[in-house]
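Just so we're clear, the structure is a prediction, and the values are computed from it rather than from any experiment. Throughout, protein chains are lettered first and strands after them, A, B, ... in sequence-line order, and every chain is numbered starting at 1. Below, all heavy atoms of this structure are taken into account, side chains as well, without hydrogens, waters or symmetry copies.
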Amino acid sequence: MEANEKTTRLPRFIHEAVKEDLTNGRFNYVRTRLPPEPNGYLHIGHVKAFLIDYFTAQEFGGELYLRFDDTNPSKEGTEFVEAIESDAAWLGIRWAKVTFASDYFDLLYEWAQRLIQQGLAYVDDQTQEEMSASRGTMPKGTKWSETESALRPGVDSPWRNRPVEENLDLLERMKNGEFPEGSRVLRAKIDMAHPNILLRDPVMYRIMHVHHHRTGDRWHIYPMYDWSHGQNDSMEGVTHSLCSNEYIIHRPLYEWFLQQLGAFPTRQIEFSRLNLTYAMMSKRKVRKLVESGIVRGWDDPRLTTLRGMRRRGVTPEAIINFITSTGETKNDSWVEMAQFEACVRDDLNKRALRRLGVLKPLKLVIDNYPEAQTEELEAVNNPEDPAAGTRKLPFSRELYIEQDDFRETPPPKYFRMYPGNEVRLRYAYLVTCTGLVKDEAGNVVEVHATYDPATRGGDAPDGRKVKSTIHWVSAQHAIKAEVRLYEQLFTVENPDVGDDLQSIVNPHSLEVLDNCYLEPSLGDAQPSDKFQFERTGYFCADLDTQPGKPVFNRTVGLRDSWAKIEGKK
RNA sequence: UGGGGCGUGGUGCAACGGCAGCACACCAGACUUUGGAUCUGUGGAUCUUGGUUCGAGUCCAGGCGCCCCAGCCA
């Protein structure tokens, strides 16, 4: 039973495929790999793939390598290597070792020479346009839906049957930088009429006179994905190369190379990638958001980058629970953001200390409370966790309550404070609203009430009930804070389509409140400390917090059934 | 339209030829010193047509729909 519960973290189709390989002797151990390209920061979409690799290794007693796919130095850099490592570690993923595709450049080059010697690879001098035309496909930019006839068979390159020695020599000179970029490529010799376009003599190496962040200026050719990834898997003895569905079509090529080389037969298995509504998964576009200043950086709390979510106050456990709860299949799917938020709430509900904080303050004066008096009331830190203990809350004559918690004329089903109504001040007293003060513009600027001294702590000795409990802070004791509220960054469910970012960003995605009053115990909150502000939401102290000037991010709001009632009208 | 992949409530995931179930969302109610949390309940799904079978979401055949591929990106 226990074994069964553990395996539920993996989808059955992957679990069974791996088990089958172990049973039938294809492999006698399990090794997987995380293959990030170091050209951007990790986002929630990567987490799914990471976790599948991690869990697969764990559940079969195997190991995991973190291998950076650094085959395109024009896009990649060492700063991303460090960021990816630290983000993955924060998530809780552990790996046996870190490797780089570039570690294998020499061996890969030897393998290419072997293919040439086997007559299975050649140097092609065609231009890119010629190659594209001779592949028998439509011109670049054509949509498949616009294609009327079947693919034409490709045409063999005039260089396809170059002698082995000439190929070897040209490849060596390409490597050494003797030719300009774009002048030649090394291609596998497979079948120019193959219905799978990837098998129409795919490019293995292209010339790039670019400095590489690890190999320096030693190489002037760099391998393509198809001529690197599978070979690296094989060289590392990776048993299962788990990737997203877009690579299904690559599998025949993946296997062709390994078979021709007689190399270790890594098995590629695919699953669907994660789509999350309102989340941007395209690295290129996230970069645009950052560079254009639409968001404040890669760790902007509105982004679903790992750093963004972390800064916002989401824990690794919440992220992992979310990914696990959505499951994995080969289906194309769109998970609703609400499901992610539910996981975040569920996690924070268990761990976050409760605090009182007033975001949009309205002064409340308790007229019959002695002017100079202050008292301390006991408050529970977390009703979900008695071990979290209690704290003292200072109370006095002048308080702040939430503007939303007062209405001069209450709508139906509104139970909070309005003239004549009695409510409970959380952990304090029952108070009855007696009046209000307006400014010249007609805005309510102050509310008055009387308290019942017999209800200290919030219970009435006569057993009478109130329908609402509201939060408050003592005006003279409260600390001032900035609070940042977030909404969806985009107004459309799928922000990855289209290129006009400006037109789809939500202008209200960030609301900064700089006049918030919090209970004094929040004064020494440290960045990343997490709290529930009662009745309001979950909040996390931000990196921008300074001594005496706390800044909080709203991670996610509480479920708000009043907002629902009100919203329906 | 060449090749490949995928179709189960609104969304995501289960059901390995045997009562279609779970979570999120939604709706109604109970409880409540957070309109939180918790609990209970309602509604709602097997793309379609045919076949095999005592029995089909599951197997077979056809159709339909959606997604991926024509980078010297990964």
Item to check | Closest nucleotide among B:rG12, B:rG3, B:rA37 to the A:Asn349 side chain | outcome: B:rA37
Next on the checklist: With the criterion set at under 5.5 Å between ring centres and under 30 degrees between planes, would B:rG12 be stacked on A:Trp334?
Outcome noted: no
Item to check | Side-chain donor-acceptor contact under 3.5 Å, A:Arg9 with A:His15 | outcome: no
Next on the checklist: Mind checking if A:Gln532 touches a base, just sugar-phosphate, or nothing, with heavy atoms under 4.0 Å?
Outcome noted: base
Checklist entry - What is the distance, rounded to the nearest whole Å, between atom CZ of A:Arg559 and atom P of B:rC24? => result 9 Å
Checklist entry - When you compare B:rG18 with B:rA56, how far apart are their C1' atoms, in angstrom units rounded to a whole number? => result 10 Å
Next on the checklist: By the 4.0 Å heavy-atom rule, please label A:Met208 as base, sugar-phosphate, or nothing.
Outcome noted: nothing
Next on the checklist: For B:rA74 and A:Thr71 - does any side-chain N or O of the residue sit under 4.0 Å from the phosphate oxygens OP1/OP2?
Outcome noted: yes
Next on the checklist: Heavy atoms from C-beta onward define the side chain here; which of B:rG36, B:rC27, B:rA74 lies closest to that of A:Glu384?
Outcome noted: B:rG36
Item to check | Under 3.5 Å side-chain donor-acceptor pair for A:Arg424 and A:Ser468 | outcome: no
Checklist entry - With a 3.5 Å cut-off and just heavy-atom distances, do the side chain of A:Arg416 and the base of B:rG35 make a donor-acceptor pair? => result yes
Checklist entry - Donor-acceptor pair under 3.5 Å: do we get one between A:Glu328's side chain and the base of B:rG12? => result no
Next on the checklist: Can you tell me which nucleotide in B:rC73, B:rG35, B:rG12 comes closest to the side chain of A:Arg535?
Outcome noted: B:rG35
Item to check | Phosphate OP1/OP2 of B:rA70: any A:Ser132 side-chain N/O under 4.0 Å | outcome: no
Item to check | Separation of atom CG in A:Asn321 from atom C1' in B:rC22, rounded to whole Å | outcome: 16 Å
Checklist entry - When we call it a touch if two heavy atoms are under 4.0 Å apart, what does A:Arg426 touch: a base, just sugar-phosphate, or nothing? => result base
